[in-house]
Amino acid sequence: MEIKEEDLGQWRRTHYSSEIGPSMADREVVVMGWVSSVRDHGNIQFIIIKDSQGEVQVTAKKGEAGEQLFSMAQEVKEHTALGVKGKVRPQAKAPNGAEVVPTEMRAFSVARKAAPFMTQGKTSPVGIDTRLDLRAVDLRRGQLGAIFRIRQTVVNSVREFLLRQQFMEVSTPKMIATATEGGAALFPIFYYDREAFLAQSPQLYKEQLTMAFESVFEIGPIFRAEPSRTNRHLSEAISIDVERAFADYHDVMALLERMIVNIIDTVKERNPADLKFLELEMPKLELPLPKYAYSDLIDRLQEAGERIQWGDDISPQVMKNLQDERLDGFYFIVDWPTSTKPFYVKPKADDPRVCESFDLMFGPLELSSGSTRINRKDQLVERMQKQGLKVDAFDYHLRVFDYGVPPHAGFGLGLERLMMAIAKIENIRDATFYPRDIDRLAP
Ligand code: AMO
């Protein structure tokens, strides 16, 4: 028998799967979701329905269920969107200790194909591209569900943590007129009759906003035309940007490390089931986090035989070669050469070759960078000229520096990179819903 597709009509869910339990015995319920597995035992069909809160077993027995209902239970395929009316019956072997004995079933949309991957297993035998081509189906996998519920906690905990400390959440333009992050490439766009760009970061806007609101943050997209294919770069990523007035880079490093501790504690508290499912232990960290000066690391890398010069960027590959267990977890690299950082970063007063800057690392992976910023116009103009930037193009920004921009400092923390670190995700694409990279603009 071919299953007929029906409309939702007057059907409404009465309970989520997580609410079905032995204490609900004999209650009439309507559950809805998608079929995650079907087990055929001849005279009994077990259908596992998944919804956003978990899963529930529907048990159709020959004789107990009507003939038509039983044959529908025999036919139904994985991924079908299904509604089931029935009675709750305690069942020790079922999820949550109860099952639903169906009296009526409605297929809202029948799955016509077997998915190229299973949704139950923790890992997937197919390549990531096959999964990403059907991303919404892929996101039905238990492993990704757990990862994205943890991501939700991370975002909420960041927001709660910063709001408790008088930060204001802001939104800044994503269509902008100038580059901000030196080395990173821009995506040009048409803006009416002019050329514009997708924002590489909210940098200049968040700095400006400190003059009105003091402490601001934004959780939003950043766009980087990354030319390379790596497991840690996206063309569109989510950045947690923080900026604070009357503070320097030491203050915001202290803020950032407390924020990370708060994130980890909150995930442990709110996501115990997801952590258990992923067999994941949250990284442990002790504050203050270790800080290594850039110059000292270069000395050590040179001693270890690396061909690296003072002034070079430190790549993850080079960091991997530096065997040192102190560099396994979270740590800061501080005091970078001024030449490696963008124009808004403040050089040190006693040695302007070095600037008041830091990167937060997790092993060889960079999670965040931040700094004390220049808050005086003449110094900013001088740094722009040194970096060969067109000062005129930044007039919209420089203008506000005539009106008392406070000393300020801040950082940008990559949300997907942070997820890679705390949830042990190998490929950054699995830390985002719909990744964008040099090869992928769809789905
Ligand atoms: P930076 O360019 O170092 O600094 O970026 C900050 C953090 O954003 C994340 N990130 C990325 N994540 C995935 N894919 C990418 N292509 C990508 N590019 C950056 C990283 C990185 O550490 N305005 C400064 C921050 C500041 O000083 O406040 C900035 O953008 O985790």
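Atoms within each ligand, like the ligands themselves, are counted from 1 in listed order. Side-chain atoms are counted along with the backbone in the values below, which use heavy atoms only and exclude waters and symmetry mates.
- What sits closest to atom 24 (C) of ligand 1 on the protein, heavy atoms only, is Y344 OH, 3.3 Å.
- Both tests do not hold together for K50 against W34: distance to the six-membered ring centre under 6.0 Å, angle to the ring axis within 45°.
- With a 4.0 Å heavy-atom cut-off, ligand 1 is reached by no atom of F358.
- Checking E236, E181, E243, R417 against atom 17 (C) of ligand 1, the nearest heavy atom belongs to R417.
- In the vicinity of G370, heavy-atom distances shorter than 4.0 Å reach the ligand 1 atoms 27 (O).
- Of all atoms in ligand 1, numbered sequentially from 1 with element shown, those under 4.0 Å from a heavy atom of F411 are 26 (C), 28 (O).
- Among A237, A431, G410, the residue whose heavy atom lies closest to atom 12 (N) of ligand 1 is A237.
- For atom 14 (N) of ligand 1, the closest heavy atom belonging to the protein is L234 N, 2.9 Å.
- Ligand 1 has at least one atom lying under 4.0 Å from a heavy atom of H233.
- Counting heavy-atom neighbours within 6.0 Å of Q302 CD, excluding the residue itself, gives a total above 12.
- Residue S368 has at least one heavy-atom neighbour below 4.0 Å for each of these atoms of ligand 1: 22 (O).
- The single protein non-hydrogen atom nearest to atom 27 (O) of ligand 1 is R373 NH1, 2.8 Å, given as residue, atom name and distance.
- Residue E366 touches ligand 1 through backbone and side chain together, judged by heavy-atom distances below 4.0 Å.
- Within ligand 1, counting atoms from 1 as listed, the ones closer than 4.0 Å to a heavy atom of R232 are 13 (C), 14 (N).
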* Quick one: do Y331 and L360 satisfy side-chain contact (heavy atoms from CB on, under 4.5 Å)? Show the steps, please. => CA-CA 6 Å; Y331 61 94; L360 174 68; over 6 Å; no
* Test R159 against E169 for salt bridge (Lys or Arg N to Asp or Glu O under 4.0 Å), laying out the working first. => CA-CA 8 Å; R159 216 172 241 131; E169 183 163 7; 2.8 Å; yes
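- The aromatic ring centres of F332 and Y292 sit 6.0 Å or more apart.
- Side chain to side chain, T119 and R140 fail the donor-acceptor criterion of an N or O pair below 3.5 Å.
- Between F358 and Y249, the two ring planes are parallel [angle under 30°; tilted spans 30° to 60°].
- Side-chain atoms of S17 and D51 form a donor-acceptor pair, as typed in the model, at a separation below 3.5 Å.
- The protein atom (non-hydrogen) at minimum distance from atom 31 (O) of ligand 1 is L367 O, 2.7 Å.
- Checked by distance only, ligand 1 and E226 come closer than 3.5 Å through their nitrogen or oxygen atoms.
- The nearest non-hydrogen atom to atom 2 (O) of ligand 1, considering only R224, K206, Q200, comes from R224.
- R383 forms no cation-pi arrangement with F343, by the criterion of a distance under 6.0 Å to the ring centre and an angle within 45° of the ring axis.
- When L415, I240, I428 are ranked by how near their heavy atoms come to atom 13 (C) of ligand 1, first place goes to I428.
- Taking the six-membered ring where tryptophan is involved, the planes of Y396 and F394 are essentially parallel, since the angle between them stays under 30° and well short of 60°.
- Of the polar atoms of G412, at least one N or O is found under 3.5 Å from an N or O of ligand 1, judged by distance alone.
- The only member of R436, R429, R417, R224 that meets side-chain contact (heavy atoms from CB on, under 4.5 Å) when paired with L234 is R429.
- Evaluated by nearest non-hydrogen atom to atom 1 (P) of ligand 1, the leading choice among S239, S357, S201, S369 is S369.
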